[in-house]
Amino acid sequence: MLDIRALRQDGEALREALKKKGYDLDLPAFNALDARRKDADVRSQELQAQRKKTSKQVGELIKSGLDVDAAKARVAETLQEIDAQLDDEVNRAKAIQDEIRDFLMGVPNAPASDVPAGKDEDDNVEVRQWGTPRAFDFEPRDHVDVGEALAEGALDFERASKLSGARFAVMSGQLARLHRALIDFMLDLHSGEHGYQELYVPYLVGPEALRGTGQLPKFEEDLFKMQGERELYLIPTAEVPVTNLAAEEILEAETLPRRYVCHTPCFRSEAGSHGRDTRGMIRQHQFEKVELVQLVRPEDSEAALEALTGHAEAVLKALNLPYRVVILCGGDLGFSAAKTYDIEVWLPSQGRYREISSCSTFGAYQARRMQARWRNPDTGKPEPLHTLNGSGLAVGRALVAILENYQNEDGSVTVPEALRPYMRGRDCLR
RNA sequence: GGAGGGGUGGCUGAGUGGCCGAAAGCAGCGGUCUUGAAAACCGCCGACGGGCGACCGUCCGUGGGUUCGAAUCCCACCCCCUCCGCCA
């Protein structure tokens with residue numbers, strides 16, 4: 001949620017900033033709404049104050065010796081006059097406040113000033129590259145061919161679709177093991193080397209949490225919703241439960257920054273991406289991800305984004321997978337994000353880099369939505385903190401990258417050295 | 001699923017109809033003392049919204065109700081805890 005005060009004082013600047021995101025902020029509508037709210041607030045508050053004062057008089061009259069009925073009679077007329085308007089005014093004020101809240105919840109975060117202009121992913125700007133794509137002396141196969149050719153039918157989409165339809169995978173044997181090794185390796189790296197605390201969290205969350213991080217109310221169609229009396233959704237990312245840990249809390253300054261690492265499955269309906277990446281496990285309804293989340297003081301969030309992105313990159317470096325980092329242009333930025341770096345890993349079968357991590361700062365936007373605050377020692381007041389997160393990394397796509405980049409001409413796949421301790425020393429899948 | 005107990009400020013916890021936005025303690029902030037710190041003592045200290053301000057309003061799990069007046073009484077719902085049953 002944008003800061004309503006900023007919207008009042010400098011709405012034009014925010015409108016300008018949001019243009020970069022391709023969003024047209026209806027400032028006149030907001031201003032009109034806000035003016036109506038102020039009017040309704042003032043009226044209802046006056047009436048409430050009057051009523052309160054009048055009620056108090058009854059108690060005082062009784063105390064001064066009047067009997068109860070006489071005291072009540074004394075104020076009855078005044079109360080009637082007030083009551084004639086009070087309910088209507090209060091309800092009107094509430095309704096307008098709800099309207100403002102709904103309006104604000106639908107407005108995306110403003111991009112940071114250094115976000116490049118642009119319409120879609122073609123306008124993203126490369127920041128750096130790491131590693132050199134391997135030169136193959138044979139024609140590299142894609143991960144589906146590599147995986148399916150391994151012993152034990154290690155990668156199996158057909159039987160997955162028998163169970164659950166398209167966009168699911170079954171893995172078995174050493175490939176399932178490698179998949180799990182990746183998770184363990186990433187968790188160990190971030191908790192051991194980068195100062196993140198490991199978390200285990202629910203995979204089902206209520207709508208409040210999803211509103212907090214920004215998936216709701218606008219993107220319900222991207223989510224899987226449970227059937228049943230309780231309103232629960234499968235999480236699309238660990239960002240949702242982990243960031244919302246701070247919801248409605250006031251954190252003491254010395255407990256910041258908080259760095260959390262959390263492995264969860266992620267569930268996405270992929271509504272609207274029919275036909276995209278239909279082959280293989282690039283785009284699945286269910287995938288594992290190791291997520292990094294940081295809660296920081298506002299003045300630290302810029303540096304934290306650079307650090308967090310570096311932590312995600314460290315995984316690829318350790319696995320010796322070539323990648324590049326791009327900064328998303330305004331048009332490609334997510335709803336809640338102020339600034340995002342995507343990390344893209346090299347996929348030989350596609351001859352290009354594909355997203356494997358997305359590292360974002362949300363500024364105070366999510367914190368305001370979920371009322372996650374910290375106590376600023378300078379002011380003594382609770383203020384919204386800043387939230388960040390990034391994949392470190394998407395496990396399924398990391399597995400894809402390994403299968404493709406580490407494949408050998410004979411169909412085997414070399415196990416990256418960093419993962420061998422997690423594979424009981426095994427150095428090759430066949 | 002059955003029985004019982006409970007949700008109050010950053011935290012702990014008192015409060016069963018007006019004097020309660022709410023005791024007390026902890027934490028925090030300011031001060032005295034001290035070379036400095038600790039301890040001790042004194043003072044301040046809930047959140048949110050509105051107003052330049054004096055102030056005003058809302059908030060005691062949520063939503064209704066009773067009442068001139070509700071943290072306090074009634075109803076429904078949500079959540080937590082204990083015991084029993086069932087179960088991974």
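Proteins get letters first, then strands, A, B, ... in listed order; numbering begins at 1 in each. Remember, it's a predicted structure, so these values are computed and weren't measured experimentally.
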> In whole Å, what is the span from the CD1 atom of A/I82 to the P atom of B/rG57?
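Distance, rounded to whole Å: 12 Å.
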> Would the number of heavy atoms belonging to other residues, nucleotides or ligands and lying under 6.0 Å from CD of A/Q97 be above 12?
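Yes - once you tally the heavy atoms of other residues, nucleotides and ligands closer than 6.0 Å, there are more than 12.
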> Between P on B/rG17 and NZ on A/K52, what's the gap in Å once rounded to a whole number?
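Value for this atom pair: 20 Å.
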> Could you pull out every donor-acceptor pair under 3.5 Å between side chains of residues 70-84 of chain A and any protein atom, sequence neighbours left out?
residue, atom, partner, partner atom, Å
A/D83, OD1, A/R51, NE, 2.6
A/D83, OD1, A/R51, NH2, 3.4
A/D83, OD2, A/R51, NH2, 3.0

> Whether the side chain of A/H143 engages the backbone of A/L399 through a donor-acceptor N/O pair (distance < 3.5 Å, no angle test) should be reported.
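Side chain of A/H143 to backbone of A/L399, a donor-acceptor pair under 3.5 Å: no, none is there.
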> Please determine, for B/rC41, whether a Watson-Crick or G-U wobble partner exists with both distances under 3.5 Å, and give it or none.
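Pair assignment: B/rC41 / B/rG31.
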> Can you list the residues that meet the side-chain hydrogen bond (donor to acceptor under 3.5 Å, both in side chains) rule with A/H194, with sequence neighbours excluded?
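Per chain and number, A/H194 pairs via side-chain hydrogen bond (donor to acceptor under 3.5 Å, both in side chains) with A/H190.
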> Please give the distance between the C1' atoms of B/rU62 and B/rC79 as a whole number of Å.
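Their C1' atoms lie roughly 10 Å apart.
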> In whole angstrom, give me the gap between the C1' atoms of B/rA27 and B/rC11.
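7 Å, rounded to whole Å.
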> Return the value, rounded to whole Å, for the distance between atom CG of A/D378 and atom C1' of B/rG28.
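Result: 14 Å.
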> Between the protein and nucleotides 47-50 of chain B, which nitrogen or oxygen pairs are less than 3.5 angstrom apart?
residue, atom, partner, partner atom, Å
B/rA47, O3', A/R373, NH1, 3.2
B/rG49, OP1, A/R5, NH2, 3.1
B/rG49, N2, A/Q45, OE1, 3.2
B/rG49, N2, A/Q45, NE2, 3.4
B/rG50, OP1, A/R8, NH1, 2.3
B/rG50, OP1, A/R8, NH2, 3.1

> Specify the separation, in whole Å, of atom NZ of A/K53 and atom C1' of B/rC55.
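About 10 Å, once rounded to whole Å.
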> Not counting sequence neighbours, which residues clear side-chain contact (heavy atoms from CB on, under 4.5 Å) with A/A246? List them please.
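Partners of A/A246 by the side-chain contact (heavy atoms from CB on, under 4.5 Å) criterion, ordered by chain and then number, come out as A/L251, A/L295, A/A372.
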> Counting just side-chain N and O atoms, does A/Q48 come under 4.0 Å of either OP1 or OP2 of B/rU58?
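Yes, A/Q48 has a side-chain N/O under 4.0 Å of OP1/OP2 on B/rU58.
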> Could you check which nucleotide pairs with B/rG4 in any of the strands shown, counting Watson-Crick or G-U wobble with both distances under 3.5 Å?
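Pair assignment: B/rG4 / B/rC81.
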> If I take atom CG in residue A/N91 and atom P in nucleotide B/rG63, what distance separates them, rounded to the nearest angstrom?
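Roughly 13 Å, once rounded to whole Å.
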> Taking the C1' atom of each, how far is B/rG9 from B/rC59, in whole Å?
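Comparing C1' positions in B/rG9 and B/rC59 gives a spacing of 11 Å.
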> Using atom CG of A/L86 as one end and atom C1' of B/rC56 as the other, report the distance to the nearest whole Å.
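About 15 Å, once rounded to whole Å.
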> Holding to side-chain contact (heavy atoms from CB on, under 4.5 Å), I want the full list of residues that pass it with A/D3, two or more places apart in sequence or in another chain.
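side-chain contact (heavy atoms from CB on, under 4.5 Å) check on A/D3 returns A/R5, A/A6, A/R368.
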> Determine which nucleotide pairs with B/rU62, using a 3.5 Å limit on both distances of a Watson-Crick or G-U wobble pair.
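Paired with B/rA76.
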> Between B/rA14 and B/rA88, how far apart are the P atoms? Round to whole Å, please.
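So the two P atoms sit 40 Å from each other.
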> A/V400 versus A/I282: any side-chain heavy-atom pair under 4.5 Å?
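Yes, close enough: below the 4.5 Å cut-off.
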> With rounding to the closest Å, how many angstrom separate the P atoms on B/rG64 and B/rU58?
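Each nucleotide's P atom is 15 Å from the other's.
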> B/rG57 C1' sits how many Å from A/D39 CG, rounded?
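Distance check: A/D39 CG to B/rG57 C1' gives 15 Å.
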> Using the rule given for side chain to side chain contact (heavy atoms under 4.5 Å, CB included), can you reason through A/E239 versus A/F362, listing the C-alpha separation, both sets of side-chain angles and the distance that settles it, and then say yes or no?
CA-CA 12 Å; A/E239 164 192 359; A/F362 303 89; 3.8 Å; yes
> For B/rU12, which nucleotide is its Watson-Crick or G-U wobble mate, given both distances must be under 3.5 Å?
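Partner of B/rU12: B/rA24.
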> Report each atom pair, protein N/O against N/O of nucleotides 69-78 of chain B, whose distance is under 3.5 angstrom.
residue, atom, partner, partner atom, Å
B/rG69, OP1, A/R51, NH2, 3.4

> With a non-hydrogen cut-off below 4.0 angstrom, is A/L251 in contact with a base, only sugar-phosphate, or nothing?
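Answer is nothing: A/L251 stays at 4.0 Å or more from every strand.
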> Starting at the 5' end of RNA chain B and moving along, which residue's nearest nucleotide shows up first, A/L79 or A/Q50?
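On the 5' side of the pair lies A/Q50.
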> Enumerate donor-acceptor pairs with a distance under 3.5 Å from any side-chain N or O in residues 305-318 of chain A to protein atoms, sequence neighbours excluded.
residue, atom, partner, partner atom, Å
A/E306, OE2, A/Y341, OH, 2.7
A/T309, OG1, A/L305, O, 2.7
A/H311, ND1, A/Y196, OH, 2.7
A/H311, ND1, A/A307, O, 3.3
A/E313, OE1, A/R128, NE, 3.2
A/E313, OE1, A/Y323, OH, 2.6
A/E313, OE2, A/R128, NE, 3.4
A/E313, OE2, A/R128, NH2, 2.7

> When you compare B/rC60 with B/rA22, how far apart are their C1' atoms, in angstrom units rounded to a whole number?
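About 8 Å, rounded to a whole number of Å.
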> Tell me: CD of A/E248 to P of B/rC59, nearest whole Å?
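Nearest whole value for this atom pair: 17 Å.
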> Roughly how far apart, to the nearest Å, are B/rU67 and B/rC73 at atom C1'?
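That atom pair is separated by 10 Å.
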> With sequence neighbours excluded, what pairs up with A/D102 under the side-chain contact (heavy atoms from CB on, under 4.5 Å) test?
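Per chain and number, A/D102 pairs via side-chain contact (heavy atoms from CB on, under 4.5 Å) with no residue.
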> Using atom P in both nucleotides, what's the gap between B/rA71 and B/rA39 to the nearest angstrom?
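My reading of the P atoms in B/rA71 and B/rA39 gives 38 Å.
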> Please compare A/G59 and A/K94 by the position of their nearest nucleotide in RNA chain B and report the one closer to 5'.
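The residue closer to the strand's 5' end, by nearest nucleotide, is A/G59.
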> Under 4.0 Å, counting only non-hydrogen atoms across every strand here, what does A/V58 touch: a base, just sugar-phosphate, or nothing?
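A/V58: base contact, heavy atoms under 4.0 Å.
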> Strictly by side-chain hydrogen bond (donor to acceptor under 3.5 Å, both in side chains), give each pair with a member in residues 267-282 of chain A just once, sequence neighbours left out.
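For residues 267-282 of chain A, and leaving out neighbouring residues, the side-chain hydrogen bond (donor to acceptor under 3.5 Å, both in side chains) pairs sorted by first residue read A/D142-A/R279, A/D145-A/R279, A/E270-A/S273, A/E270-A/R283, A/D277-A/R283, A/D277-A/R354.
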